[in-house]
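The analysis underlying the following values was restricted to heavy atoms, covering all of them including side chains, and did not include hydrogens, waters or symmetry mates. Each chain gets a letter, A, B and so on, in the order the sequences are listed, and its residues count up from 1. Note that the coordinates shown come from a computational prediction; the quantities given were computed from them, not determined experimentally.
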Amino acid sequence: MDRYNPAEIEAKWQQVWKQERTFEAPNPDDPAAADRSRKSYVLEMLPYPSGTLHMGHVKNYTMGDVIARFRMRNGFTVFHPMGYDAFGLPAENAAIKTGLHPAELTKINTGNIEQQLHRLGVSIDWSRELATCDPEYYKWTQYFFLKFFERGLAYRKEADVNWCPSCATVLANEQVVQGACERCGTLVATRSLAQWFFRITEYAEQLLEDFSELESWPERVITMQRNWIGRSEGAEVVFRVAELDIDIPVFTTRPDTLFGATFFLLAPEHELVERLVDGTEFENPVRDYVTSARLKPLVDRALAEREKTGEFTGRYAVNPVNGEQIPIYVSDYVLMEYGTGAIMAVPAHDQRDFEFARKFGLDVRVVVSGGGAGPGDGPVLEAALEEDGELVNSGRFDGMPNREAGRVITEWLGTEHLGRAAVSYRLRDWLVSRQRYWGAPIPIIYCDKCGTVPVPESDLPVLLPEVEDYAPRGQSPIATNEEFVKTACPACGGPARRETDTMDTFVDSSWYFLRYTDPHNGRAPFEPDIVDYWMPVDQYIGGVEHAILHLMYARFFTKVLYDLGLVGFREPFTNLFTQGMIYYKGAKMSKSKGNVVNPDEHVEKYGADTLRLYILFMGPPELDVEWQDQGIEGSFRFLGRVWRLVGEIIEKTKPVGSGDFAVTGGAAAILLRKTHQTIRKVTTDISERYRFNTAISAVMELVNDAYLAKDGLLESEEGRGVLRFMAETLVKLLDPFSPHICAELWEKLGHERLWLEPWPAADERFLAHETYELVIQVNGKVRDRVQVPAEAGRDELLTIARASERAARHTEGKQVVKEIVVPGRLVNLVVK
RNA sequence: GCCCGAGUGGUGGAACUGGUAGACACAAGGGACUUAAAAUCCCUCGCCUGCGGGUGUGUGGGUUCGAAUCCCACCUCGGGCACCA
């Protein structure tokens, strides 16, 4: 047989798959009535076409391909589409640099990526390819914006927002990582701007509840989302400013500590601050404080170590549980965005309040005893007491366990109309407007007479206009295009101006998986019957860096579309797999560090089959792994071994039938058993554990065994039959990982289309062993190993163990006090 | 500080529900083939050793006949959150 030539055979089979449209999965004629039990939607996160694919993508798409091909061979109708997250800053920044239009640049990049995916042999249904920057696509992104707007889920408000000075645009909370821009790492600043938001907070509860609908998501992704949403149960309690007849509600998670509230705090942004101090001697210092607090970047305010600051307002609030008058301060550690923007301060049991009290000389009153501290210890405490205990200094609630007291006090406040049980979330609304060019324009028009008017659906898409200069200047570059901005009000026909901000690209990627199901629909984003047929995604695969951002936004979007009656499911991704990253030379691959390994070079040198195999063989897919330059050689050598082994078997043996043959024993039986063991191992490793590395090593073991047994087996008719069966099985098992070489070998074995073959099944009859190696231990240490009949019983095993000379050396002169027999494994003799 | 995840040979990693630690591969060493090299095929490969054995899965304890695996305490690395009342 010829030498293994990956370039030739890979091109050949890629051509066949393209011509025969092997991986296209057409929509059923009647999707509403079609059987959904055999469909499988396998999806990898769509790439961002900033350049070409890197190794992380290769890993992602190869993993998805293994699952897709495996399910296809197991009788599923596999839905495996691909697209491009094509709007966004990198294309725009590159456009500014090169002068090319972002659309042209994106087209070049998506073309490259498509080529790369073809050359990797990924089983994609190319008839459904899409790009989010295509007007046919973003028309519907805008359509959803209007639907959100109609429902009050998209709104505009003036707020202090995160501003990235480098990207010259605002960012959502989720896009700020440790005070810096998630994309470029620049420290974010604060700006007060009128911006568009999606009311994701309305769905906080559902986002938490519906975790129960997910089948298999990594626990840590769920935990990260749960923490991000940050649900807290507690109470809303009303404090009264008697002099001014104002009620101020606060949120607290510790209603049990109400009797320990010795002062009261307002966020600097709180609207009542002005009313409290207006016309008093406290007016000026408080105003100064508020002004300076608002000038501070949000990042600085978030630093927990910062010393507490504040200003007395001169007013007092009445604690509803005991009628006490407590002083009201303004302090910037109280956040306007959380709870009610006002808190009761309990310094004895909250560290932040404690620090404030010590600095301003305010009372500290213990109301929960415990940890050795009693009712009178307030003045001498060195830190807040946060443990549970019994109530003290709390009137008729004294002596009650504090957790129970919290419930009782909340209930009592309810009957007195002074408060109620309440829930608060850390989650903030999703800021979706961006002051940049390369995104979907927000379909809104401002009219002096009619106000904020949505663009009528029939006028969609609002096309992204041409501009002369994309450079960010703090407002969208589109604003410079007067022709675009000036328009007629859809309501009154009068002169009006268009919104010039574009949408966050995470909006685009929040629904792309739905569009795949019906990508050419011009009348609607998708047909409900069709989307309900294919969705939800059965297996989603991507990087863990999207644990909060994309995955939470997509879940939110799906829930809104469900409420709009557009889809019949509430969760988009039933199963999620998050892959680990690929490191190189001890660091994450990045252009700036110059440690990028280019996949194309390796495809050229070794072929896609080798690269795919190696990238999965490197380690467990969910863990981070380090790229080894020499490692890939091993995978290439292995495929060469497979090629020569199967080649020799083709030359020296004849095709066999079903593999259902009798063997008399010896080497033939052993290899036959190994073949069936390998089927079992590879099948469970792919389908149940997603451990591709161990599946591949099992196939390697089979090849090693076959090499050693080959020459002997070629001597007999029986041996040749087993070898031929082994070769065919080997090719079938390796196919999901390295499909080109397998397709070629399958053809050389005298067959036609490997991907139409059913996945092999392990036959129990051939798995049975006649004997096995029994381990004989003395005091838990291995002293001997002997072959024993598989059916040997406990007594028989004990007799064999006692007869072992090697074991006897360690039992001699000692008393056997216990004998442990584990049939199929070992005997342990315990001596004293 | 709080919440996750991970520590196993020179290297990447394997070990199902507690039962032979180091599968598979890389690197290294040896042999066969070859005029030679490459390629290929075969063998060795945790550490110590007097070849009986001893020791070994981040550290220290514990449970057990038996622990990489379970429990407690600690160390190191990676990730997430961090004034959210």
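Closest to the side chain of Met224(A), from the set rG80(B), rG53(B), rC81(B), is rG80(B). Among rG19(B), rA85(B), rC65(B), the nucleotide with an atom closest to any side-chain atom of Val822(A) is rG19(B). Among rC24(B), rC41(B), rG52(B), the nucleotide with an atom closest to any side-chain atom of Arg809(A) is rG52(B). The side chain of Arg637(A) has rA27(B) as its nearest neighbour among rA85(B), rA27(B), rU11(B). Which of rG19(B), rA23(B), rU55(B) sits closest to the side chain of Glu701(A) comes down to rA23(B). The listed nucleotides are rA85(B), rC81(B), rU40(B); the one nearest the side chain of Arg426(A) is rC81(B). For Trp228(A), the listed nucleotide lying nearest its side chain is rC81(B); candidates were rA14(B), rC65(B), rC81(B).
Across the C1' atoms, rG29(B) and rC77(B) are found 34 Å apart, a figure rounded to whole Å. Remark: the separation of the C1' atoms in rA67(B) and rA15(B) is 13 Å, to the nearest Å. Taking atom P in both rU8(B) and rU57(B), the straight-line distance is 11 Å, to the nearest Å. Rounded to a whole angstrom, the distance from the P atom of rA38(B) to that of rA32(B) is 14 Å. Across rU11(B) and rA73(B), the matching P atoms stand 31 Å from one another, rounded to whole Å. Here, rG58(B) and rA68(B) have their P atoms 10 Å apart, quoted to the whole Å. Remark: the separation of the C1' atoms in rC72(B) and rU63(B) is 11 Å, to the nearest Å. Comparing rA23(B) with rC70(B), their P atoms are spaced 22 Å from each other, to the whole Å.
In this structure, the CG atom of Leu829(A) is 14 Å from the P atom of rG66(B), given to the nearest Å. A straight line from NZ of Lys308(A) to C1' of rA85(B) spans 12 Å, rounded to a whole angstrom. Taking atom CD of Glu633(A) as the reference point, atom P of rA38(B) lies 14 Å away to the nearest angstrom. Between the CG atom of Leu613(A) and the C1' atom of rC24(B) there is a distance of 11 Å, given to the nearest Å. Following rounding to the nearest Å, Met618(A) (CE) and rA14(B) (C1') show an atom-to-atom distance of 17 Å. Summarising the geometry, the separation between CE on Met700(A) and P on rG12(B) is reported as 17 Å, rounded to the nearest angstrom. The interatomic distance linking Tyr583(A) (OH) with rA6(B) (C1') rounds to 12 Å, in whole Å. Rounded to whole Å, atom P of rA27(B) lies 13 Å from atom CD1 of Ile632(A).
Checked against the 6.0 Å centroid criterion, the rings of Tyr614(A) and Trp627(A) qualify as a close aromatic pair. For Phe577(A) and Tyr690(A), the gap between ring centers is short of 6.0 Å. For Phe617(A) and Phe638(A), the gap between ring centers reaches or exceeds 6.0 Å.
At a threshold of 4.0 angstrom between heavy atoms, the contacts of Ile696(A) with the nucleic acid are absent. Among the heavy atoms of the strands, none lies under 4.0 Å from Arg680(A). Residue Asn828(A) is in base contact, counting any heavy-atom pair closer than 4.0 Å across all strands shown. Residue contacts for Phe638(A): at a heavy-atom cut-off of 4.0 Å it reaches no nucleic acid atom on any strand shown. Gly634(A) comes within 4.0 angstrom of the backbone, heavy atoms only, and of no base. Using a 4.0 Å heavy-atom cutoff across all strands shown, Gln777(A) reaches at least one base atom of the nucleic acid. Contacts of Ser232(A) with the nucleic acid, taken as non-hydrogen atoms under 4.0 Å apart, involve only primed sugar atoms and P, OP1 or OP2. Among the protein residues, Arg691(A) comes within range of the sugar-phosphate backbone only, with heavy atoms under 4.0 Å from sugar or phosphate atoms but none that close to a base. Among the protein residues, Arg220(A) comes within range of the sugar-phosphate backbone only, with heavy atoms under 4.0 Å from sugar or phosphate atoms but none that close to a base. At the heavy-atom level, Val775(A) lies under 4.0 Å from base atoms of the strands shown.
Within the 4.5 Å cutoff, side-chain heavy atoms of Leu258(A) are placed close to those of Ile409(A).
Within the shown strands, rG5(B) is the pairing partner of rC77(B) under the Watson-Crick or G-U definition, both distances less than 3.5 Å. rG19(B) is paired with rC65(B) under the Watson-Crick or G-U wobble criterion, all donor-acceptor distances under 3.5 Å. Nucleotide rU11(B) is matched to rA25(B) when pairs are restricted to Watson-Crick or G-U wobble geometry with both distances under 3.5 angstrom. The partner of rA82(B) is absent, by the rule that a Watson-Crick or G-U pair needs both atom distances under 3.5 Å. Across the strands present, rU57(B) finds no partner; the criterion is a Watson-Crick or G-U wobble pair with both atom distances under 3.5 angstrom. rC45(B) makes up no base pair with any nucleotide shown, lacking Watson-Crick or G-U wobble contacts both under 3.5 Å. Of the nucleotides present, none pairs with rU35(B) by Watson-Crick or G-U wobble criteria with both distances under 3.5 Å.
Ring geometry, Phe239(A) versus Phe264(A): the interplanar angle falls from 30° to 60°, so the pair is classed tilted. In this structure, Tyr4(A) and Trp643(A) have tilted ring planes: the angle between them lies in the 30° to 60° band.
Annotated as anti: rG56(B), whose glycosidic dihedral deviates from 0 by more than 90°. Taking 90° from 0 as the syn/anti boundary, the base of rG52(B) is oriented syn.
Remark: Asn693(A) is in phosphate contact with rA14(B), judged by side-chain N or O atoms under 4.0 Å from OP1 or OP2. Arg641(A) has no side-chain polar atom (N or O) that falls below the 4.0 Å cut-off from OP1 or OP2 of rC24(B). Side-chain N/O atoms of Arg783(A) include none lying less than 4.0 angstrom from OP1 or OP2 on rG53(B). Checking the phosphate oxygens (OP1, OP2) of rC4(B), no side-chain nitrogen or oxygen of Arg226(A) falls inside 4.0 Å. A sub-4.0 Å separation between OP1 or OP2 of rA85(B) and a side-chain N or O of Tyr333(A) is absent. Within the structure, every side-chain polar atom (N or O) of Lys818(A) is placed at least 4.0 Å from both OP1 and OP2 of rU64(B).
Of the two residues contacting RNA chain B, namely Met344(A) and Ser697(A), the nearest-nucleotide position lying further toward the 5' end is that of Ser697(A). Annotation: of the two residues near RNA chain B, Gln628(A) and Tyr425(A), the 5′-most nearest-nucleotide partner is Gln628(A).
Of all heavy-atom pairs spanning Phe360(A) and Thr309(A), the tightest one is CZ-C, 4.2 Å.
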Test Lys818(A) against Leu829(A) for side chain to side chain contact (heavy atoms under 4.5 Å, CB included), laying out the working first.
CA-CA 6 Å; Lys818(A) 205 168 186 180; Leu829(A) 303 172; over 6 Å; no

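Side-chain atoms of Arg825(A) come within donor-acceptor range of the base of rC16(B), with a qualifying N/O pair under 3.5 Å.
Of the possible polar contacts, none joining the Asp332(A) side chain to the Ala293(A) backbone as a donor-acceptor pair under 3.5 Å is found.
Classification of Arg403(A) and Asp256(A) as a salt-bridged pair fails, no side-chain N sitting under 4.0 Å from a carboxylate O.
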